[in-house]
Amino acid sequence: MVLDSLAKSLRDALKKINKSALVDGRLVDEIVKEMQRALLMADVDVSLTLEITNNVERRAKEEPVPKNSNPRSHLIRIIYEELLKILGKPREFHLKPATIMLVGLYGQGKTTSAGKLARFYLKHGYKVVLIAADVQRAGAYEQLEQVSSSVGAAFFGIKEEKDSRKIVRAAMDRYRDWDVKIIDTSGRNAIDSSLTKEILDIAEISKPQEVILVLDASIGQQAGKQAKAFNDAVKITGVFLTKLDGTAKGGGALSAVMATGAPILFIGTGEHMDDMEYFNPARFLSRLLGMGDFEALMSAAKQLQEGMEEQAVEKMMAGKFTLKEMYDIWDQMNKPGLFKRLFDSLPMGAAGKREIDDQLIEESESKLRKYKIIMDSMTYYEMENPDEIKGSRLERIANGSGYTTSDVKELLKDYRRIKDMVKNLRGNRKILSLMKKQFKSGLPEDLGNEL
Ligand SMILES: Nc1nc2c(ncn2[C@@H]2O[C@H](COP(=O)(O)OP(=O)(O)OP(=O)(O)O)[C@@H](O)[C@H]2O)c(=O)[nH]1
Ligand SMILES: [Mg+2]
């Protein structure tokens, strides 16, 4: 878990809200103080911290509790919304062929992140080459070569060449038709005119779709200053914020970078090549607060209230049901407790039992996690056309996910079973209305109780 101590303090505050008999001014004051302490400890800027907590306090005391909520959920919701404001909106990022330049100062994690990105694209079936254009650091060539072979990407470099422009020109020529070209560039101690010029020259030669600034989160708020300086000098398209796993100051880094308007695209959560995530503020915050995918559930709840539920469930029943649909549903179900509730919502009439023992639920949840990892290694085409998954596709997916081909086959078998089940359920009004009722009663109040 990244940002451990911030997460713990905020979760404790939410727990306190859930346990309190009464949501009154005194509780709000206490919560606001705890939030202030937690945010400042995570190196969030003082005035930003005050802005967040003042907003929470004012809204909690002034806003009437909506009819479909209660004082506890209302307060939790306000806290969630105010924290989300500082994380900003996600920048959309689509996987497609691209040239990506990684830039940044010494030791921020450029080379490691280049490898992580390569692995990410490879998993989705792209042809990827890593280009060694760091001519500053001793052994940069060998390090990137080693990273390339560990993730299974192609590698290009010219040993002993001190002109990074030459290297990039040769690489762009040789790998013209490749899907994804990732360029690891030189760092410096500080951003200066020679670094700026080198980056701009390489960009001129390679015409990258993305210029991603790699920033070490452990510098806390300072990350904002660096992001601004780089953005002013070379126009970055996004930030890869690394080492969020190993720092207490991540909150400061996140909020300060977002405040500059430079979007955080990825976060690094460890030294291993799989330790990166696409940064989605809402999802990140929900996980930090231990709410599962709060945003998705909230919007599901909202739709239910607006009478949309029928369409949603029916769409699933009536429309196509590929791995893509299954993934989306599982994505929302990937939360302890929700699984059980869904199980509970299904009538087990025939067998005469509604009790599913915990072990079975535990097994289902761990299977779900495994299946999600496997599906993350599939391309969009494969998700939409599961029947095409065989032979070399099957092997690539297994390799990419770290599981075996029989695991992938097991997933496909389960998918077909579920697909048949969905088909059989179609048109069964009674089950439809039961499912909807369960959703309705289960959200969003239960969410709070599970914190
Ligand atoms: N814990 C953790 N360590 C990371 C992460 N990303 C990178 N590192 C470590 O940070 C150190 C520096 O990473 P590099 O990728 O070599 O950084 P760089 O920017 O290429 O450095 P130079 O080439 O020297 O400028 C290495 O020890 C990495 O393992 C991360 O997300 N989490
Ligand atoms: Mg490097």
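For ligands, and for the atoms within them, numbers begin at 1 and follow the listed sequence.
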Numbered atoms of ligand 1 (with element) below 4.0 Å of Tyr106, judged on heavy atoms: 25 (O)

Salt bridge Glu51-Lys85, side-chain N to carboxylate O under 4.0 Å: no

Salt-bridge criterion met for Lys127 and Asp179 (N-O under 4.0 Å): no

Minimum non-hydrogen distance to atom 2 (C) of ligand 1, winning option of Leu102, Asp245, Asp184, Leu144: Asp245

Nearest non-hydrogen protein atom, atom 25 (O) of ligand 1: Lys110 NZ, 2.9 Å

Heavy-atom proximity to atom 30 (C) of ligand 1, best of Ser186, Gly270, Gly268: Gly270

Nearest-neighbour protein heavy atom for atom 23 (O) of ligand 1, which is reported as residue plus atom name and distance: Arg137 CD, 2.8 Å

Atom 14 (P) of ligand 1: the protein heavy-atom neighbour that sits closest, reported with distance to 0.1 Å: Thr112 OG1, 3.4 Å

Phe266 ring center near Phe93 ring center (under 6.0 Å): yes

Atom indices of ligand 1, in the order listed, that fall short of 4.0 Å to a heavy atom of Asp134: 23 (O)

Top protein contact for atom 12 (C) of ligand 1, by heavy-atom distance: Gly107 O, 3.9 Å

Ile182 vs Val128 side-chain heavy atoms within contact, under 4.5 Å: yes

Per-residue contact class, Arg188 against ligand 1 - non-hydrogen pairs under 4.0 Å: neither

Worked check of side chain to side chain contact (heavy atoms under 4.5 Å, CB included) between Met101 and Ser206: CA-CA 9 Å; Met101 256 178 93; Ser206 62; 4.2 Å; yes

Any Met276 heavy atom less than 4.0 Å to ligand 1: no

For Thr111, the ligand 1 atoms whose distance to one of its heavy atoms is below 4.0 Å: 15 (O), 18 (P), 20 (O), 23 (O)

Ionic contact status for Arg165 with Glu198, cut-off 4.0 Å: no

Test side chain to side chain contact (heavy atoms under 4.5 Å, CB included) applied to Arg393 and Tyr381, step by step: CA-CA 11 Å; Arg393 283 184 190 277; Tyr381 176 82; 3.8 Å; yes

The Mg ion (ligand 2) to nearest N/O/S of Gln143 less than 2.8 Å: no

Atoms in ligand 1 with a heavy atom of Thr269 nearer than 4.0 Å: 31 (O)

Charged N-O contact under 4.0 Å between Lys370 and Asp407: yes

Nearest-contact summary for atom 31 (O) of ligand 1 - protein heavy atom, Å: Lys243 N, 3.0 Å

Any N or O of Glu271 closer than 3.5 Å to N or O of ligand 1: yes

pair Ile183-Thr99: side-chain heavy atoms closer than 4.5 Å: yes

Atom 16 (O) of ligand 1: the protein heavy-atom neighbour that sits closest, reported with distance to 0.1 Å: Gln143 NE2, 3.2 Å

Distance, nearest 0.5 Å, that separates CD1 of Ile373 from OH of Tyr371: 12.5 Å

Arg174 atom CZ: more than 12 heavy-atom contacts under 6.0 Å: no

Identity and distance of the protein heavy atom lying nearest atom 17 (O) of ligand 1: Gly109 N, 3.0 Å

